[in-house]
Amino acid sequence: MPFIDTKLNFRLSKEKETILKEKLGEAISVFPGKTEYWLMLNFSDNERLWFRGYQNFPIAMVEVKLFGGAEEAVCAEMTRVICDLFHEVLDVSPDHVYVKYEFCDRWGWNRENF
């Protein structure tokens with residue numbers, strides 16, 4: 001049950017959103033047992049993000065939320081993949097991307113909790 005929530009301080013075109021959707025769908029498999037089938041995504045653009053006291057360059061805040069947990073090495077690999085992807089697709093410098101991980105042991109879906 002992964003959820004990736006992305007906030008950007010610039011406009012995201014539908015074309016680039018589709019590319020990100022596809023690439024993040026592939027990337028989620030970095031986590032053992034996670035697939036695009038259960039992946040939910042959100043993209044919020046034109047957010048009022050500031051970093052290092054400025055907002056005049058592309059910034060991304062990416063939150064990865066998972067049912068269960070993940071080893072530190074797996075999260076490190078996902079951070080690398082996300083930073084590379086956002087640089088390649090959106091020209092966001094990797095040092096202007098924050099990636100936050102949240103893990104939980106209760107996740108609801110279809111009237112039930114896991």
Side-chain angles (χ1 to χ4, degrees):
M1 317 314 282
F3 175 59
I4 300 177
D5 190 12
T6 301
K7 294 176 177 58
L8 304 167
N9 71 332
F10 54 91
R11 185 183 168 282
L12 179 63
S13 71
K14 285 295 181 189
E15 176 188 353
K16 301 239 177 174
E17 181 176 341
T18 299
I19 293 169
L20 284 178
K21 184 233 21 127
E22 291 169 1
K23 298 287 189 179
L24 288 170
E26 295 168 8
I28 200 63
S29 65
V30 165
F31 295 100
K34 305 299 183 189
T35 66
E36 183 180 22
Y37 183 79
W38 292 105
L39 176 61
M40 184 179 286
L41 299 167
N42 180 59
F43 298 102
S44 299
D45 62 357
N46 292 321
E47 293 285 332
R48 296 171 61 187
L49 298 172
W50 291 76
F51 187 57
R52 297 181 176 147
Y54 298 95
Q55 64 176 177
N56 60 342
F57 47 78
I59 302 168
M61 175 67 207
V62 182
E63 296 181 72
V64 180
K65 302 175 186 193
L66 297 173
F67 175 66
E71 294 185 17
E72 187 174 330
V74 176
C75 293
E77 174 64 13
M78 187 65 168
T79 297
R80 185 194 63 73
V81 169
I82 288 172
C83 288
D84 289 349
L85 175 61
F86 279 64
H87 186 249
E88 173 189 318
V89 176
L90 302 177
D91 202 30
V92 179
S93 177
D95 68 334
H96 295 158
V97 178
Y98 272 173
V99 183
K100 176 185 173 190
Y101 295 91
E102 288 185 31
F103 307 104
C104 74
D105 58 358
R106 290 188 179 88
W107 199 290
W109 171 76
N110 195 23
R111 300 186 195 149
E112 297 179 11
N113 287 338
F114 292 92

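Numbers here simply count residues along the sequence, with the first being 1.
Residues L85 and E26 fail the side-chain proximity criterion, which asks for heavy atoms closer than 4.5 Å. Using a 4.5 Å cut-off on side-chain heavy atoms (C-beta onward), L20 and L41 make no contact. Residues T6 and L12 form no side-chain contact, since every pair of their non-hydrogen atoms from C-beta on lies 4.5 Å or further apart. Counting heavy atoms from C-beta on, the side chains of P94 and F86 never come closer than 4.5 Å. F43 places a side-chain heavy atom less than 4.5 Å from the side chain of L24. By the 4.5 Å heavy-atom criterion applied to side chains, V30 and V74 are counted as neighbours. With contacts defined as side-chain heavy-atom distances shorter than 4.5 Å, the pair K34/L66 qualifies.
Ring geometry for F57 against H96 counts as parallel: the plane angle stays under 30°, on a 0 to 90° scale with 60° as the upper cut. Taking the six-membered ring where tryptophan is involved, the planes of F67 and F114 are tilted, since the angle between them lies from 30° to 60°.
A salt bridge links D95 to R52: at least one charged side-chain nitrogen sits closer than 4.0 Å to a carboxylate oxygen.
Within the model, atoms NZ of K16 and CZ of R11 stand 11.0 Å from one another, a figure rounded to the nearest 0.5 Å.
Note: the hydrophobic cluster containing M78 also contains I19 (ILVMFWY, side chain heavy atoms under 4.5 Å, direct or indirect links). Taking hydrophobic clusters as Ile, Leu, Val, Met, Phe, Trp and Tyr residues chained together by side-chain heavy-atom distances below 4.5 Å, W109 shares a cluster with Y37. Neither F51 nor I82 shares a network with the other; the hydrophobic side chains, linked directly or stepwise wherever heavy atoms of I, L, V, M, F, W or Y lie under 4.5 Å apart, form separate groups for each. Two different hydrophobic clusters hold F103 and F3 under the rule that ILVMFWY side chains link at heavy-atom gaps under 4.5 Å. W107 and L39 fall into different hydrophobic clusters, where Ile, Leu, Val, Met, Phe, Trp and Tyr are joined by side-chain heavy atoms under 4.5 Å apart, directly or via other members.
Considering every non-hydrogen atom in both N113 and G108, the closest pair reads OD1-CA, 3.0 Å. The nearest pair of heavy atoms linking N9 to I59 is OD1-N, 2.8 Å. Contact between Y101 and C75 at its shortest, heavy atoms only, is OH-O, 2.9 Å. Scanning all heavy atoms of the two residues, the minimum distance from I28 to G25 falls at CG2-O, 3.4 Å.
Counting heavy-atom neighbours within 6.0 Å of E102 CD, excluding the residue itself, gives a total above 12. In this structure, K7 places its NZ atom where more than 12 heavy-atom neighbours from other residues, nucleotides or ligands lie under 6.0 Å away. Residue F10 places its CZ atom among more than 12 non-hydrogen atoms of other residues, nucleotides or ligands, all under 6.0 Å distant.
No side-chain donor-acceptor contact under 3.5 Å links K100 to the backbone of M61. When atom types are taken as modelled, the side chain of D5 and the backbone of E63 share no donor-acceptor pair closer than 3.5 angstrom.
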Under the side chain to side chain contact (heavy atoms under 4.5 Å, CB included) rule, what do E36 and E22 come out as? Steps first, then yes or no, please. CA-CA 9 Å; E36 183 180 22; E22 291 169 1; 5.8 Å; no

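Listed by chain and residue number, nothing satisfies the ring pair (Phe, Tyr, Trp, His ring centres under 6.0 Å) test with W50 (two or more places apart in sequence, or in another chain).
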